[in-house]
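Structure, as structure tokens:
We name chains A, B, ... by the order of the sequence lines, and we start the count at 1 in each one. Since this is a predicted model, take the numbers as computed values, not measurements.
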Amino acid sequence: MTSLIARFGWVTPVVLWLLTLFAPGWGFTLISQRDIIMIGIYCLVAAGINLSFGYGGELALGQVAVMAAGAYTSLILGSHGHTDVLVQIAASALVGAVLGLVTGLPGLRLSKWSLGLTSFFLIMLLPGVVVALRDETGGLEGSLVTPVTAFGEPVLVDDLYVLVLVVVGLWFVIFRNLIMSGYGTALRSFRANPMLVESLGVSARSMRLSSYVIGAVPAAVAGVLYAQLAGYLSPTPFSLALLLSVLAASVFGGSASIYGPVIGSIVLVVGPTQIEAFEEYSVLVYGVFLLVVGGLFRHGVAGYVRILMARITGRDAVTPGDDKLTPPQRKATEMPDLQGGSLRAVGVSKRFGGLQALDGAALSADPGQVTALIGSNGAGKTTLLNAISGFVKPDAGSVQIDGTDLTGRSAARIARAGVSRAFQTPVIPEGMSVVEVVASGALRRGGLVSPASLLRLPSFRRKRRADDAAARGLLDLAGLSHIADKEASSIPLGLRRLVEVLRAATGSPRVVMLDEPAAGLADDALADLANLLELVKSHGATVVLIEHNVSFVMSVADTVYAMDAGRLIAHGEPEAVRNDPQVINSYLGRSTAEPEQEGALQ
Amino acid sequence: MSRQTSTAGHQQAPEVGRESRGRLVASGVKLGYGDVTAVWDVDIEAVPGRLTVVLGRNGAGKTTLMRGLAGLLPLGAGTVELDGRSVAGLPAWRRARKGIGFVQEGKRIFGQLSVEENLTLGLPRGRHAQGDPLERIYEDFPRLTPMRNRLAGELSGGQQQMVAVASALAGDPAVLLVDEPSSGLSPLAFDEILEVIVRLKDRGVAVILVEQLVERVLNGVADHVVILERGRVGFVGPAKGLDAHQVAKDFLA
Amino acid sequence: MTVLWAGLALGALYATVAMLFNIGMAQAGVFNFAIPQVLMVGAFVGYEFAGASLAILPVVFVVAAGAGAILGLLIELVAVRPAARGGHGILITTVGAAFVIEGAAFIKYGVGGHNVTLFGWDRLFDLLGGRLFVVDAVIAVVAVVSIAGVYVLSRRTRWGLEGRAATLDPESAALRGVNVTANRLQAFMLAGALAAVVGVLAAVKINASYGLGTSLLVYSFVAFAVGGIGSYPGCLVGGVVVGLLQAYTARYIGAEYALMIAFLLLLIVLLARPTGLLGNRQLRIV
């Protein structure tokens, strides 16, 4: 049942699109053709907002200015004789992309508001720019728009209708395929935490920039279509009121959804036209709308529909009884490729201001082994992990995986080289099921976006299925298959830890690095974690583990490295390290004078 | 072990210079998140001069209970009274001002504020003379004195935990709730924190301590033990005579 | 010289608005998109009192401060509090709040800008070879005094410390006895009151129009970004830079280019030094 909906969910929008396309031909005139064209234009602009804000978490308030830029590009091209609509659309798309880049690039090191206000600036700049280029643009008074041509023939009103629907349809296909591909997963992961997406091999910068740029393109194209619809172009329509209504359309329909803009646009185009004297009240009404929707009606129409569907099909939130693990149901024949590589970190040093966090630290890890890193807080364990995985740039030393030097590379680059890492505080994106979260580890293998993924070619589908099967296999082994299709952000802490570990084991990692995975786990969960690590190791994985739980470390590790004050003070077999006097002095303290373990695990 | 209750007052606190206040009594407490109940019908007391340790596996409801007592969670059912007056309807900040201090799990301090600012935040309102009360804290925590103007986030884990405990103490709480101070600390640093807590108890503070390291706290630290199992009390009684290994096996294994 | 004074006068205005943004960011962790609109409401309070003499100066400012404080309260209650949990929703609600206020002003006062004379402050006077309006001098004084005052409030008082702590970690702050909600509400009300008071002055200096808020928003944001997020002295620096830039551009190149130059400045600052000249390196909330 659930897979039927997943597979054929696309049928409804296509049918609706076809009906809209042929409706006028059948004399269906409930909504005028002009209004439908307007709805289509709104859809494009709102969909751009959905991409960068709904999925990417960054609000671009300049969509209307981008739209104007697209419209004026079309005007200028048309007045110089380039009336072919495809040329105009392509040029406008380019202009939109550049604008997206210009407003997005500066705010990269900031977040949230900087994009919003920088792009808002564009709307304020618009009249001035139009005036400055008045020879081309016709200044504030405006100018007539030359009708476009398609394949040499002029595009008339009826043809415009078809054109708009085709463009909108195409865009939504691209948008949907983008969101449902690795890009969508990466974008959601980015929204949850930029560091997460880096650890999946995707640079946070490129996620941000690409979402602004791709989000700006439909707005610019919408501008071209708008210019044709209006027949006359001036800066006046590209006002704050328009911005507000498009924003409202996106949010009302559901920002974090693919088809939300359609619903929102219908409401926001048809609604106001039915009310007299709307003009004067428009800004106020839109403002109220945004207040209400932003605060209370967060998920938008599409979002609530999805929640409802999830309730019906059982893919909803996890219930309390779910934290009991289920025994594996199938043989471990579908184990993903876990064969690891060798890690050599030598002489790594790092200084933060006055603190020498790492002082010539070293670590070696080999396939088929669990290498543990212990040490008191402040000893530099996490810093070393960060230096190896690229979240911190070492001042000196080298980090090599199977002989390839990765020292000082970016976190995303190192992740793509096969270094996976689980964070101490699990990061689980919204809007994804548990199996999707685990499968997102496959992003580390690359292939974020490709023509195959955009066109949903068989090769892409095969890869998708394989990744899904591998993820399910891992979940099954961990005893979590019963929550595989549940909403991942609703699972309790103990399970989050396991899911983090599983995500780190996906995507053929060469080194799996875990940062205190045992912290906060109940004893049976600890045993399950230990078993999982055993299993993973027996398939040749290279596992590096930071842990405080001494007894846990003793039970799972093959090699132990002990650190203190940024330096390595002992390494070797677990027992030997534990009894090393230096280690005892610095880390274990007087409570290991007795042979008993801390905690209650044997 | 079956459920036992014992009220043998085995260790009277020398209530030196301290009013007889700080008895926190919670009974029939029910707490949850949304429609998931994590704590059912728990009775627990914080008694001045007594260190009560709460044990139990993860998911048993220990942290939920602490958060409920501190006021971070609304009470689903039951009563919580401080010195005979109900505090159940009071939000966390009110309870803090009434003298219920809570040191959360995980060294939660304000990393971007200085150590001194962190400690000042803990001070009770009204008495604005910054000099004296802070000096008292630095006496109890001499290791923090040279760090007073450093950003708390730059300190080591053990020092940060000290700041967390010290700022809770700055408010001169009558009741102190501490949640897994060992988490993320080396055993050495943990020992130091425990020492401070035990000293506090000796001064008459009512302490409830949640911990995972059973053996460490049962040997000479805890006066009273409450063990939680799946949100209910599995055992309550004096710590004396408890065999750590047995407890671990019965309730935690 | 006149250009210099014009630039400084504008700068003082932008510095004050930047300070208002800073109050929201540093004390409550929220970028209050709607604060320039509260300023606009203050401008209309001035408009309603137009022609008044110096004698009732306190009344005008008290009414404005009151209106601003109430608006600040409403904004917090309606736009910030419900969305605070949602994380990204707050972007939408504060934009919504801003335009509810602007939309209401448009309905009531129409599209035009209304000139406002108050206390005779629209008089010109000479200073060091340049001319400036009395109100400009007043704005400058208000800017410096209020920025200094808020700085002391934030760094040296318990209230300021509590607000900063509450922004960093509301739960831990509550456990230290901080009433986080009350603190945030007070910060919004303070910013609202100050905004409206400055609005009265802005009405005299510029005019009272429904679009006043939006026109100040962009320049003030540049001042905020240039001066530094989290730094009150930075607001002064940023304001002066932007004000001077606008004045000199308008005088020597052309008024319509002032905005473009400001935009370029914004881009350069964001690219080169994202947290601003004096900003707190760690406060990357914006």
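- Contact detail for C/Gly177 and B/Ala96: the closest heavy-atom pair is N-CB, 3.5 Å.
- Within the 4.5 Å cutoff, the side chain of C/Arg158 has heavy atoms near those of the B/Leu123 side chain.
- Counting heavy atoms from C-beta on, the side chains of C/Glu171 and B/Gln104 come closer than 4.5 Å.
- Taking the side chain as every heavy atom from C-beta outward, B/Trp93 and C/Val180 never approach each other to under 4.5 Å.
- Of residues 75-82 of chain B, no residue lies under 4.5 Å from chain C by any heavy-atom pair.
- For the atom pair CG (B/Leu121) and CG (C/Leu175), the distance works out to 11.5 Å, reported to the nearest 0.5 Å.
- Proximity to chain C (any heavy atom under 4.5 Å) is shown, for B/Ala170, by neither the backbone nor the side chain.
- Contact annotation for B/Glu117: both backbone and side-chain heavy atoms come within less than 4.5 Å of a heavy atom of chain C.
- In this structure, CD in C/Glu162 is found 11.0 Å from OG1 in B/Thr120, a value given to the nearest 0.5 Å.
- Within residues 65-73 of chain B, the residues having any heavy atom closer than 4.5 Å to a heavy atom of chain C are B/Arg67, B/Ala70, B/Leu72, listed by residue number.
- For the pair C/Leu161/B/Leu113, a side-chain contact is recorded, criterion being any heavy-atom separation below 4.5 Å from C-beta on.
- Across all their heavy atoms, C/Leu168 and B/Phe110 have their closest contact at CB-CD2, 4.0 Å.
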